[in-house]
Amino acid sequence: MWSGGAAIFVLVSCVFCASALADGLVNEDVKRTLDLSSHLAKITAEIQLANHGAARVNSLTLALEAELAPHLAFIGTVFSHVLKPFPSHITQAEQQLVVFQGNHYLYSPYPTRSQTTRVRLASKTVESYTKLGNPTKSEESIEYGPFKDVPPFSQDDMKIHYENNTPFLTISSITRTIEVSHWGNIAVEETIDLRHTGAYLKGPFSRYDYQRQSDSGISSVKSFKTILPASAQDVYYRDEIGNISTSHLQVLDDSVEVEIRPRFPLFGGWKTHYIIGYNLPSYEYLYNLGDQYALKMRLVDHIYDDQVIDQLTVKLILPEGARNIHVDTPYPISRSQDELHYTYLDTFGRPVLVATKNNLVEQHIQDVVVHYNFNKILMLQEPLLVVGAFYILFFTVIIYVRLDFSITKDPAAEVRMKVASITEQVLTLVNKRLGLYRHMDEVVNRYKQSRDTGALNSGRKTLEAEHRTLTNDITALQTRLKAEGSDLAEKVGEIQKLDSQLKDLVCRSCQEAERLVAGKVKKDAYIESDKTLSGKRQELVSRIDNLLDAL
Amino acid sequence: QILAVGSKSWLRRNIGAEEGAGWWQEGCVAVGSALLTKFSRTWRSTTPPPTSLLSFTILFLAWLAGFSSRLFAVIRFESIIHEFDPWFNYRSTHHLSTNGFYEFLNWFDERAWYPLGRIVGGTVYPGLMVTAGLIHYILNLLHVTVHIRDVCVFLAPVFSGLTAVSTFLLTRELWNQGAGLLAACFIAIVPGYISRSVAGSFDNEGIAIFALQFTYYLWVKSVKTGSVFWTIGCCLSYFYMVSAWGGYVFIINLIPLHVFVLLLMQRFSRRLYIAYSTFYIVGLVLSMQIPFVGFQPIRTSEHMAAAGVFALLQAYAFLQYLKDRLTRQEFQTLFFLGVSLAAGVVFLTLTKPSLPPLLRYAKIHIPIIASVSEHQPTTWVSFFFDLHILVCTFPAGLWFCIKNINDERVFVALYAISAVYFAGVMVRLMLTLTPVVCMLSAIAFSSVFEHYLGDDMKRENPIKQHPFYPVKNSSVYSKLIVTMLMLMLLMMFAVHCTWVTSNAYSSPSVVLASYNHDGSRNILDDFREAYYWLRQNTDEHARVMSWWDYGYQIAGMANRTTLVDNNTWNNSHIALVGKAMSSNESAAYEIMKSLDVDYVLIIFGGVIGYSGDDINKFLWMVRIAEGEHPKDIRESDYFTPQGEFRVDKAGSPTLLNCLMYKMSYYRFGEMQLDFRTPPGFDRTRNAEIGNKDIRLKHLEEAFTSEHWLVRIYRVKKQENRQALDHKLHVGNNPILTKKAKQNKFRN
């Protein structure tokens, strides 16, 4: 099947498999590329494979050197932490040199006919490199080979010592928390421990040199870019002691770019810790069919280019009441025990899925799909809880205000309250009665102009009628006051007395006006008497007022 | 409303640059002036039901205005703990909330005062931490997942609302409802109180002023009613105050003073007797429950007045009792006997070794206390700045109170007089003056409004001729003018309060901000940069030496061990650090070695012109060091022969070679900040530094923040000298041999 010499990229499992050796597979032509230009070693091999055996071959085996195997992050093939800084400690002014130790040959269970190896470096400066087969070195790369007829599992140490000032940043641990709310929001928070894993800084850190000389601390990390999803909102970047004010946010068409600048530049061996978080609209990531929901999110997202994550913990917080949870991961990941998370207005807790994985790189930025069932009725729970709480609060207030909780009865207080309410009524009635007189005055004035006796008489009648009812009411209240034993009753009685005088005055002024209209009195005399009458009235009113105030 | 708009535009003209926060200010001013306008409107309603709703609304608005005007720092910066002491409070609250109450009470902090450590549980007033911890606990119990930091940041603004309510209650007891509301509005926004209670200022005073006012309210209430119920309430409130702030001493002296003056004024009553006897006994027992206070209430002189008055009251009551039973002759004999006995007791008390209060105030002259700016005497400017118009009106209120005196008004008069005295002694105690000023001013304003804004009906027939206003039936115009004038004053007050709060009291001081020519803002986050560097990139048990000002911040933000901090309990330890800072490098190295110092942290403002840096504080370090080590450090050595303190070439050589100078200016001599000035030009002191060629032998620069504000030096470990061939050379020097031996032993 494979005999036509199909070129493939290596993509399969790396298990040593003895049975594979029985096949007649031969690597016809191999072009290896070692990309050492960043802090990762990315090895790609373009292999032309031929089957010289008789049997069909369904699979092939890819082998890995035993030394490199623990560092394998992704079969692409990416290795983390294989570039070792040498010297391991440098001063601020020095360049960072690293050593790569690998294999000149393709490590393969099959014999290889012909092979070339191309190594891409980060800079022109190369201290030393192994000279197998007289390699050619150009600007930033070294070409090895071609090597002919290499037997299976052949190894020959390749060692390259060169300058590499690219940021050797490693995320020693990251906890990514995704909290799904069915009210339209997905909150993402990443807690990150970052470390510069290049050559350690030796001796002092001089800010002066760092600010004034461009090549000082060239391997240090000042800032890097994190690319967040385009719909990310409310981005925050902080740590234990508050907001990190040295960041910048740029909203682009297809993404949101955060320029993450740690509080201080990261030199070799220095570390920092921060939290970055943002909100996403749920309609972009949450799909549903009836009660069935599916959340499709990135298991791990971009933090910086060529990222290396030593340890990842993902926490997926689903809404309270999510059931039948099922997770589809793009690559195997170890699940821990589910947890419960309580936040605003939760009663029985939100299910939290916890998963961990070690040694991840950029290629691991892939989607995870979580299926679960959620009864929509449960959405009402939280608003109802708030409503219920307020209901109880107001109800308690009502109960407290309306009912008497005192242990001892205080008759005096009750009487006082009763008296107060009666006095209140007296006050309004008396004021109303005073209002009647004012109204009568107007009627009289109008009469003086219009000389309409009918209007005056009807006005007088209504005054009499209303006055009587009001006075009766007040008298009734006065008797009630007396019954309660209050001394205010006397004062009310006094008011009544004064009022009857006042009413007489009003009536008299009314009669005077009639006499004036009828021509029985001269105008001067009328004015004179009116003045005295109103003076008296004024005095009475003020005395009533005084009494009212004393009530 | 027109006035409110006018004041807003006035404000805008004044502030200009701070466009970002402008809306906030306007909002605050609007709320403030709306409150005052609303207040004057509510005046007319006399019937109870609408008034209670209105008072509720006004109090609620006062709370809201007080809360929101304290948020400037949060809006401009972030939710962060301010300044120095709050960082310690925050750290201990954090400890409390993570480890529980008993763990907190027994907390021995080995990160402070290395190598001595500090028993935190027994040396703090725990009220603040317990309050914040309790709120956090309850909220978390209800699944409101707030961070303890946010609880701490917003605690003081929330409590300012409670202060407003308790001030309302107290003023209502003293005068009337209207004055109470006015007082609540005043205290909500007055700068004198805001200065200690902005969001992020997580300090004892934030909750203590509430406790103070509430205790006084309950005290007045219990004197008025003579009910044990109110008195027990007063004791509980007093207990809370004792647990929150050392200022409780003010209460335990003012209340006895009140009782004493009432006795002098022949105002003794059963009510007073019940109130004070209960208060003294229960309050005493409760206050002794706080570990930090312990037996102080029966030992120290500050508490003796209370005990004396207690005894006096008992004697007085007893005499009153006897008076009813005995004849005049018998009574006189007994009286003399009693007086001589009392004199004997007083004599015995005085001979006991206790520090008289006068000596305590003399403590101000100890350099470590004098070096704190908030312990300086108050200037007239700061009275006006913090209280504005209230400082002019409160004597009028006091006069009204004295004019119509009763038991509780005696209290407020005493409160005012003593608080004025204390505020004059120390800027810090302005805080205790503020509430009483608000109350008395409210009474003054309230009386004026009562007269000029009274009901129309009443105005026609003035019932009671007020003694203060001889003009009968003042005309409508004069009323209008007076009212307008008063309203204008209140409006100006609201504007001033907002302006002061915004400009003077809303800086976290941990984060600095500078403004460019175009109004954009630069944040200088150097403190946190350096502290976070310490936190992340030094050994967990590294010991950091710095001047004591930064001790709490280092412990809180960097989580590293410090030698001295703001709890300045050990003067000689601080003097030792001061001595290290002011000695030359090799002498300092010996001290640092003996104290196991790994890093030295200093603040240097020369690059950006920050005036609060260590060189400016340096003379205090020298003075404090001189106090303990007069042979090694002499203040005069750091001055020029002319008696000047200068950092340039003319400066004294001792200064130019001391550790602090070297660390501050290390490699600064090469730095040219701009083209008009020479290299090594210090912007804070406006001088070219005198020693540009600084070499450090025992220290190396470990970290310097972006604007050089914080510089951290690593103390180098001793070189290993145990190689054999070196032994001959060092053999001549006995000290070096000893060291080599030590090293060998260690290895």
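Note that these values count all heavy atoms, side chains included, but never hydrogens, waters or copies made by symmetry. This one's a predicted model, so the numbers in the text were calculated from it and none came from an experiment. So that the names make sense, note that chain A is the first sequence line, chain B the second, and so on, each numbered from 1.
More than 12 heavy atoms of other residues, nucleotides or ligands sit less than 6.0 Å from atom NE2 of A:His89. A 6.0 Å sphere centred on CZ of A:Arg543 holds no more than 12 heavy atoms belonging to other residues, nucleotides or ligands. Shown here is A:Tyr200, whose OH atom has no more than 12 heavy atoms of other residues, nucleotides or ligands within 6.0 Å. In B:Lys717, the NZ atom is crowded: over 12 heavy atoms of neighbouring residues, nucleotides or ligands sit closer than 6.0 Å. Enclosure of atom NZ in A:Lys315 is not indicated, since only 12 or fewer non-hydrogen atoms of other residues, nucleotides or ligands lie within 6.0 angstrom. Within a 6.0 Å sphere centred on OH of A:Tyr236, other residues, nucleotides and ligands contribute more than 12 heavy atoms. Heavy atoms of other residues, nucleotides or ligands lying less than 6.0 angstrom from CZ of A:Phe348 number more than 12. Around the NZ atom of A:Lys271, the shell of radius 6.0 Å holds more than 12 heavy atoms that belong to other residues, nucleotides or ligands.
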Step by step, work out the side chain to side chain contact (heavy atoms under 4.5 Å, CB included) result for B:Val146 and A:Tyr344.
CA-CA 9 Å; B:Val146 285; A:Tyr344 300 97; 4.2 Å; yes
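Of the listed residues (B:Ile80, B:Val144, B:Ile81), the greatest number of heavy-atom pairs within a distance under 4.5 Å of chain A belongs to B:Val144. Taking B:Lys716, B:Glu700, B:Glu701 one by one and counting their heavy-atom pairs under 4.5 Å with chain A, the maximum is reached by B:Glu701. The most heavy-atom pairs under 4.5 Å with chain A, out of B:Glu78, B:Arg528, B:Arg714, come from B:Arg528.
Ion pair B:Arg535/A:Glu240 flagged as a salt bridge, since at least one NZ, NE, NH1 or NH2 atom sits closer than 4.0 Å to an Asp/Glu carboxylate oxygen. A salt bridge between A:Arg207 and B:Glu529 is present, with a side-chain N of the basic residue lying under 4.0 Å from a carboxylate O of the acidic one.
The two residues A:Thr343 and B:Thr145 have their closest heavy-atom pair at OG1-OG1, 3.0 Å. Among all heavy-atom pairs drawn from B:Tyr532 and A:Arg263, the shortest one is CB-CD, 3.5 Å.
In this structure, chain B has a heavy atom under 4.5 Å from the backbone of A:Leu345, while its side chain stays farther away. Neither the backbone nor the side chain of B:Arg711 comes within less than 4.5 Å of any heavy atom of chain A.
Between A:Phe264 and B:Asn537 there is a side-chain heavy-atom pair separated by less than 4.5 Å. Between B:Phe703 and A:Trp270, some side-chain heavy-atom pair lies under the 4.5 Å cut-off. Within the 4.5 Å cutoff, side-chain heavy atoms of B:Trp708 are placed close to those of A:Gln211.
Taking CH2 of B:Trp87 as the start and CD1 of A:Ile241 as the end, the distance is 6.0 Å to the nearest 0.5 Å. Put simply, OG1 on A:Thr272 and CD on B:Gln536 are 5.0 Å apart, with the number rounded to the nearest 0.5 Å.
Annotation: cation-pi pair B:Arg667/A:Tyr208 absent, no NZ/CZ under 6.0 Å from the ring centroid and within 45° of its normal.
Using bins of under 30°, 30° to 60° and over 60° for the plane-to-plane angle, the ring pair A:Tyr342/B:His143 lands in the parallel bin.
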